[in-house]
Engineer: 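The structure under discussion is supplied below as structure tokens; questions concerning it will follow.
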Amino acid sequence: MSFETAPRPAITLTIAGSEATGGAGAQADLKTFQELGVYGITALTCIVSFDPKDNWNHRFVPVDAGVIADQLEAIQTCYAGSLDTVKIGMLGSPTTISTVRSALQNQDWKNVVLDPVLICKGQEPGHALDTDQALKAEILPLATFVTPNHFEAESLSGITITSVEDLTEAARIIHEISGAAVLAKGGVRIAGPDAVDVYYDGTVTEILSAPKVGEVAVSGAGCSLAAAITAELAKGATPLEAARTAKAFVTAGIAARVSSNAPFDALWQGGARAAVSA
Ligand code: PXL
């Protein structure tokens with residue numbers, strides 16, 4: 001076996017939280033990166049442990065800002081010159097947001113994919129308005145691609161979304177605010193047989209649609225979608241190609257979802273592989 005001939009994988013960083021049960025967060029990102037053939041790296045921002053004694057609500061512990069800065073220093077020094085693509089997931093506090101912003105500004109990036117996690121399932125809307133404001137002010141302007149879900153698209157655009165037309169308008173508004181390519185996700189939240197997402201990059205509008213698999217959101221779908229976009233961009237895909245590939249990856253992962261003793265299923269990143277080899 002020759003080790004020299006193996007092509008070097010694209011180096012891809014996720015700045016994200018740990019979700020202990022493995023469905024969402026950094027775990028979902030790394031599994032997605034591995035499935036799509038990029039070399040995954042993580043800087044952990046927080047640890048989320050669902051509470052089975054409290055309706056599976058989130059217990060959230062931030063990682064100390066200095067420790068986040070240390071991780072990013074190690075990563076950015078280790079891969080200086082070869083790391084140009086980053087995904088940003090749950091940050092969770094204004095302190096974490098400014099720490100991450102400083103590190104992002106230490107280098108140039110080709111792709112900054114922001115999954116604007118404003119709220120986790122089970123949290124009350126408005127729980128962390130200061131965090132939401134900081135994310136919009138400090139991280140959104142650095143993003144080249146942003147993937148808001150229904151709630152986040154309403155929050156970022158300021159409009160109410162009940163139809164695909166509304167979702168398209170929200171994608172346009174979020175593009176105007178950020179300058180980024182936008183994939184606004186309707187998921188199961190817009191009525192109808194299909195899970196519809198809208199892509200908009202300032203020029204192209206594309207409706208990405210796949211039949212809904214059940215009516216309940218699956219844990220890890222948003223993280224995996226943004227991670228798949230990140231992996232594809234790191235490999236050189238255009239934003240639209242990345243969005244299409246990611247939608248197919250997530251649709252297959254939802255079809256192959258994993259159930260547990262929690263009241264929600266988790267996406268299985270191996271679903272797309274199983275679909276190809278079946
Ligand atoms: O799905 C959003 C999300 C992102 N990151 C972490 C999470 C969650 C939701 O549970 O726990 C760490």
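Only this structure's heavy atoms are used, side chains among them; waters, hydrogens and symmetry mates stay out. Counting convention: from 1, in listed order, for ligands and their atoms alike.
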Engineer: Using salt bridge (charged side-chain N to carboxylate O under 4.0 Å, His left out) as the criterion, list what pairs up with Glu169, not counting sequence neighbours.
Structural biologist: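 Expected list: none.
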Engineer: Show the atoms of ligand 1 that are less than 4.0 angstrom away from any heavy atom in Gly17.
Structural biologist: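 Counting from 1, the qualifying ligand atoms are 12 (C).
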Engineer: List ligand 1 atoms under 4.0 Å from Val48, heavy atoms only on the residue side.
Structural biologist: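 Atoms satisfying the 4.0 Å criterion: 11 (O), 12 (C).
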Engineer: Where does Phe50 meet ligand 1, judged by heavy-atom distances below 4.0 Å: at the side chain, the backbone, both, or neither?
Structural biologist: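 Phe50 to ligand 1: side-chain contact only, backbone stays beyond 4.0 Å.
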Engineer: With rounding to the nearest 0.5 Å, note down the distance linking CD in Gln107 to CG in Leu83.
Structural biologist: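 CG of Leu83 is found 5.0 Å from CD of Gln107.
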Engineer: Tell me if the aromatic rings of Phe50 and Phe60 count as close, with their centers under 6.0 Å from one another.
Structural biologist: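 No, the ring of Phe50 stays outside the 6.0 Å limit from the ring of Phe60, centre to centre.
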Engineer: Can you tell whether the side chains of Arg244 and Glu206 come within less than 4.0 Å, N to carboxylate O?
Structural biologist: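 Between Glu206 and Arg244 there is a salt bridge, with a charged N closer than 4.0 Å to a carboxylate O.
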Engineer: Kindly identify the option in Ser18, Ser49, Gly222, Cys223 whose heavy atom sits closest to atom 3 (C) of ligand 1.
Structural biologist: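 Of the listed residues, Cys223 has the closest heavy atom.
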Engineer: Whether Lys247 and Asp197 form a salt bridge (side-chain N of Lys/Arg under 4.0 Å from carboxylate O of Asp/Glu) is what I want to check.
Structural biologist: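 So Asp197 pairs with Lys247 through a salt bridge.
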Engineer: May I ask you to list the atoms of ligand 1 that are less than 4.0 angstrom from any heavy atom of Gly25?
Structural biologist: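 Here the atoms of ligand 1 in question are 5 (N), 6 (C), 12 (C).
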